[in-house]
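What follows is one structure encoded as structure tokens, with my remarks underneath.
Nothing fancy with the numbering, it's 1 onward along the sequence. Counting starts at 1 for both ligands and their atoms, in listed order.
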Amino acid sequence: MRKDSPETFKELLQNVQNIAIITHWNPDGDAIGSSLGLFHYLKKLDKNASVIVPNSYPEFLQWLPNTHEIVNFQNHEEKASEILTKADVIFTLDFNSYKRLEKLGDILENAKVPKVLIDHHQQPDDYPTYYFHDVEACSTCELVFDFIEGLGDKELIDKKIAACLYTGLMTDTGSFRYPNVNYRTHFIVSELLKTNIKPSDIHSAVYDNYSLKRLKLLGYTLSKKLKIINGYPVAYFTLSEEELQRFDYQKGDTEGIVNYPFSIKGIKVCALFNESEGIIKISFRSKGTIDVNTFARTYFNGGGHINAAGGKSTDTLAQTEAKFVELIKTLF
Ligand code: 5GP
Ligand code: MN
């Protein structure tokens with residue numbers, strides 16, 4: 001953990017005008033929520049802030065305030081590059097390695113301005129100039145709240161900022177039920193609720209937004225694709241490109257599926273293998289002291305947190321599955 005002092009950031013913000021905020025590839029609720037939460041805060045400080053994403057975010061986040069201002073690097077490379085060229089400082093949120101940005105990572109690496117990391121993932125790289133990093137935080141949205149509070153600006157948190165931050169807190173904690181939830185999580189929620197945001201509306205906007213095909217994909221995956229490794233508390237699913245296409249797969253459609261096997265008594269590790277354009281994207285989840293962050297880093301070119309990590313593989317789906325089945329046994 002390294003958190004630079006509020007004075008450092010105060011001074012930094014006093015001396016900059018153009019601020020770029022970047023979050024990770026395949027942005028999730030915490031990535032978009034924290035980026036837009038910070039964006040709205042910086043706007044209140046009269047800064048010229050912009051949010052850049054490496055690729056598109058899921059449709060269920062579209063309702064968040066000012067998503068129309070987010071610049072998608074994949075579709076608007078020139079605009080994104082221009083923002084980065086003009087930026088006096090770049091904030092990088094909810095990731096800690098250039099690897100998590102794909103092609104956008106090269107541009108960030110070449111940018112010579114100060115970089116500020118706000119993140120809760122383990123083992124950050126050493127690219128940032130300033131850090132606001134804490135693996136104990138349940139989400140990057142918690143850290144954005146801490147950041148604003150640390151600068152003495154809690155009173156500036158309005159409904160827009162609160163809606164963004166609540167979304168990340170909610171999605172990264174599995175609706176406030178994962179072990180990363182503590183008194184601080186609920187304290188922040190209670191502070192955000194003072195702005196009169198409606199948790200049930202936000203929950204509905206994010207979770208009651210499935211297409212029929214998405215629900216059928218979930219049903220198919222649970223009924224036909226669940227595998228349990230014989231003699232081990234490990235359950236996983238594989239989904240080929242063909243299977244996903246059958247259900248008209250849209251980004252975000254498999255989010256959350258990986259967790260379902262935990263409802264089976266005794267299961268301690270879950271994984272989901274998703275094939276897309278020849279690359280296998282993997283989600284790992286674990287309980288207790290089983291460290292899937294190290295597992296994902298060591299064997300699957302990924303990382304994350306001790307109990308929730310991701311990775312990828314360029315082997316075939318079958319090869320990736322076989323590799324996983326052998327290696328995961330070494331954790332027990
Ligand atoms: P998910 O399985 O939901 O995609 O990701 C779980 C956690 O692991 C998230 O905190 C996410 O940021 C992180 N993560 C997912 N994929 C990768 C990856 O390829 N590399 C790294 N370093 N972290 C990842
Ligand atoms: Mn996060």
Self-check item: Note, H305 side chain near N307 side chain (heavy atom, < 4.5 Å)
Solution: no

Quiz item: Are any of the N or O atoms of H24 closer than 3.5 Å to those of ligand 1?
Solution: no

Quiz item: Can a salt bridge be assigned to the pair D4 and R2 using a cut-off of 4.0 Å between side-chain N and carboxylate O?
Solution: yes

Practice problem: Among all protein heavy atoms, pick out the one at the shortest distance from atom 7 (C) of ligand 1; state its residue, atom name and that distance to 0.1 Å. | Solution: A308 O, 3.5 Å

Quiz item: For atom 3 (O) of ligand 1, which candidate among H120, K281, E255, R285 holds the nearest heavy atom?
Solution: R285

Quiz item: Could R184 and F145 be counted as a cation-pi pair, given that NZ or CZ must be under 6.0 Å from the ring centre and within 45° of the axis?
Solution: no

Quiz item: Counting each atom of ligand 1 from 1 as listed, which ones have a heavy atom of H305 under 4.0 Å away?
Solution: 10 (O)

Self-check item: Identity of the N, O or S atom of H120 lying closest to the Mn ion (ligand 2)
Solution: NE2

Self-check item: At the Mn ion (ligand 2): angle between D94 atom OD1 and D172 atom OD2, to 10 degrees
Solution: 170°

Quiz item: Are more than 12 heavy atoms from other residues, nucleotides or ligands located less than 6.0 Å from atom CG of N230?
Solution: no

Quiz item: Identify the closest protein heavy atom to atom 15 (C) of ligand 1: which residue and atom is it, and at what distance?
Solution: G310 CA, 3.4 Å

Quiz item: Just heavy atoms, cut-off under 4.0 Å: does K99 contact ligand 1 by side chain, backbone, both, or neither?
Solution: neither

Practice problem: Output the list of atoms in ligand 1 that are nearer than 4.0 Å to some heavy atom of G304, sorted by atom number. | Solution: 8 (O), 13 (C), 23 (N)

Self-check item: The single option from L84, T85, I52, I22 passing side-chain contact (heavy atoms from CB on, under 4.5 Å) against I107
Solution: L84

Quiz item: So does Y260 have more than 12 non-hydrogen atoms from other groups sitting under 6.0 Å from OH?
Solution: no

Quiz prompt | Option from V144, I157, L151 for which side-chain contact (heavy atoms from CB on, under 4.5 Å) with Y41 holds | solution = L151

Quiz item: At what distance is the nearest protein heavy atom to atom 11 (C) of ligand 1, and which residue and atom is it?
Solution: R100 NH2, 3.4 Å

Quiz item: If you look at D30, which of its N/O/S atoms is nearest to the Mn ion (ligand 2)?
Solution: OD2

Self-check item: Candidate with minimal heavy-atom separation from atom 10 (O) of ligand 1, of Q122, H121, Q123
Solution: H121

Quiz item: Which ligand 1 atoms does S283 reach within 4.0 Å, using its non-hydrogen atoms?
Solution: 1 (P), 2 (O), 4 (O)

Quiz item: Tell me: protein heavy atom nearest atom 19 (O) of ligand 1, and distance?
Solution: K312 NZ, 3.6 Å

Exercise. Cation-pi check, K227 to Y236: give yes when NZ or CZ is under 6.0 Å from the six-membered ring centre and within 45° of the ring axis, no otherwise.
Key: no

Quiz prompt | Within-shell test, R297 vs ligand 1, heavy atom, strictly < 4.0 Å | solution = no

Quiz item: For atom 13 (C) of ligand 1, what is the nearest protein heavy atom, given as residue, atom name and distance?
Solution: G303 O, 3.7 Å

Quiz item: Under 4.0 Å between a Lys/Arg side-chain N and an Asp/Glu carboxylate O for E243 and K225?
Solution: yes

Quiz prompt | Test item, S97 contacting ligand 1 (heavy atom, 4.0 angstrom) | solution = no

Practice problem: Identify whether the distance between the nearest side-chain nitrogen and carboxylate oxygen of R100 and D94 falls below 4.0 Å. | Solution: no

Quiz item: Under 4.0 Å between a Lys/Arg side-chain N and an Asp/Glu carboxylate O for E77 and K103?
Solution: yes

